[in-house]
Amino acid sequence: MRRPLVMGNWKMHGTRASVRQLLQEITRAGEQMPADVAVCPAYVHLQQALQLCEGTSVSVGAQDCSHMAAGAFTGEVSAEMLLDLGCRWVILGHSERRQYHGESDDLVAAKLAAALQAGLQPVVCMGETREEREAGEAEYIVSRQLRGALQGQAGLKQVVVAYEPVWAIGTGLTASPEEAQDMHAFIRAQLGDIAGADPGTMRVLYGGSVKAANAAELFGQPDIDGALVGGASLDANEFRQIVDATGARR
Ligand code: PEP
């Protein structure tokens, strides 16, 4: 059985004080959690988060990395730097990166190659917009983003896929458990066609307005292996309840 993963994407939020408070509320020294749990703060808060998570079962990731290994790339942070700092995870291809920073499928693929090469565990995001869903193109878009990122890569068993319908991110709208399950089953079937991917063991997370109130129903679906959580991950109580809801996995 795939162990659930719940990951908080803190986006561009927080101060050193709020990061400390949030992590003190989320973590308990030595506690075993029912899922793998990770938080992804902004780059400048990574070191502090890593220190606060030491000795707990919460791990830390970044929200992005460079597609280059090293060099004259002002403002960029490499996957190797993140690993060296102690990060385990990196989120790649988030819809906000695609939308506001023009990240193409090719760039996401290059970032994925850099992350895998460095030894990070990448969480590759994909999902359709409302217009694409209404036009009946959701599967086509997700398949293009999935294959665009993963095809031809080595080390794919380390990869986590996150299905995040763009229309559900930060909007309060959530895909119904059935809608989400359908797309997750589709993604898992597509993984079966990608050389080196293992659909039986690779985790597929759902993201898009996940909160304590809807998490158990989503996690009750057979192909939903956890969640990538934005807004609700900034509230320790909500986030912990989402983690606890992974107990609904069958
Ligand atoms: C996200 O940004 O990955 C996300 C899922 O955000 P939210 O939970 O706020 O919709």
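All ligand and atom numbering here is 1-based and tracks the order in the structure. FYI, side chains are in, hydrogens and waters are out, and symmetry mates aren't considered; it's all heavy atoms of this structure.
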Item to complete: Mind telling me whether H184 and Y206 have parallel, tilted or perpendicular rings, with 30° and 60° as the class edges?
Response: tilted
Practice prompt. May I ask you to check whether H94 has an N/O atom sitting below 3.5 Å from an N/O atom of ligand 1?
Written response: yes
Discussion item. Side chain or backbone, does I169 bring an N or O within less than 3.5 Å of an N or O on ligand 1?
Written reply: no
Item to complete: Not counting sequence neighbours, which residues clear side chain to side chain contact (heavy atoms under 4.5 Å, CB included) with R88? List them please.
Response: D36, S59, Q121
Worksheet entry | Under-4.0 Å salt bridge between R240 and E31 | yes
Response to the item:
Residue, atom and distance of the protein heavy atom nearest atom 3 (O) of ligand 1 read E164 OE2, 2.7 Å
Discussion item. Give the atom numbers and elements of ligand 1 that come within less than 4.0 Å of a heavy atom of G208.
Written reply: 5 (C), 10 (O)
Worksheet item: For atom 2 (O) of ligand 1, what's the nearest protein heavy atom and its distance?
Response: K11 NZ, 2.5 Å
Item to complete: State whether D193 and R147 are salt-bridged, where the test is any N-O pair (Lys NZ or Arg NE/NH1/NH2 against Asp/Glu carboxylate O) under 4.0 Å.
Response: yes
Discussion item. With a cutoff of 4.0 Å, is S209 in contact with ligand 1, counting heavy atoms of the residue only?
Written reply: yes
Practice prompt. Tell me, please, which residues at least two apart from R97 pass salt bridge (charged side-chain N to carboxylate O under 4.0 Å, His left out).
Written response: D64, E103
Discussion item. I want to know if ligand 1 touches G207 in the polar sense, i.e. an N/O pair below 3.5 angstrom.
Written reply: no
Worksheet item: Which of the numbered atoms in ligand 1 are below 4.0 angstrom from a heavy atom of G231?
Response: 7 (P), 8 (O), 9 (O)
Worksheet item: Does a sphere of radius 6.0 Å around CD in Q241 hold more than 12 heavy atoms from other residues, nucleotides or ligands, not counting ones at 6.0 Å or beyond?
Response: yes
Worksheet item: Counting each atom of ligand 1 from 1 as listed, which ones have a heavy atom of G170 under 4.0 Å away?
Response: 7 (P), 9 (O), 10 (O)
Fill in: Any N/O pair G230/ligand 1 closer than 3.5 Å
yes
Worksheet item: Does ligand 1 have any atom that is closer than 4.0 Å to a heavy atom of A168?
Response: yes
Worksheet item: Can R188 and D225 be counted as an ion pair, charged N to O under 4.0 angstrom?
Response: yes
Worksheet item: Just by modelled atom types, is the G172 backbone N or O under 3.5 Å from a matching donor or acceptor in the S209 side chain?
Response: yes
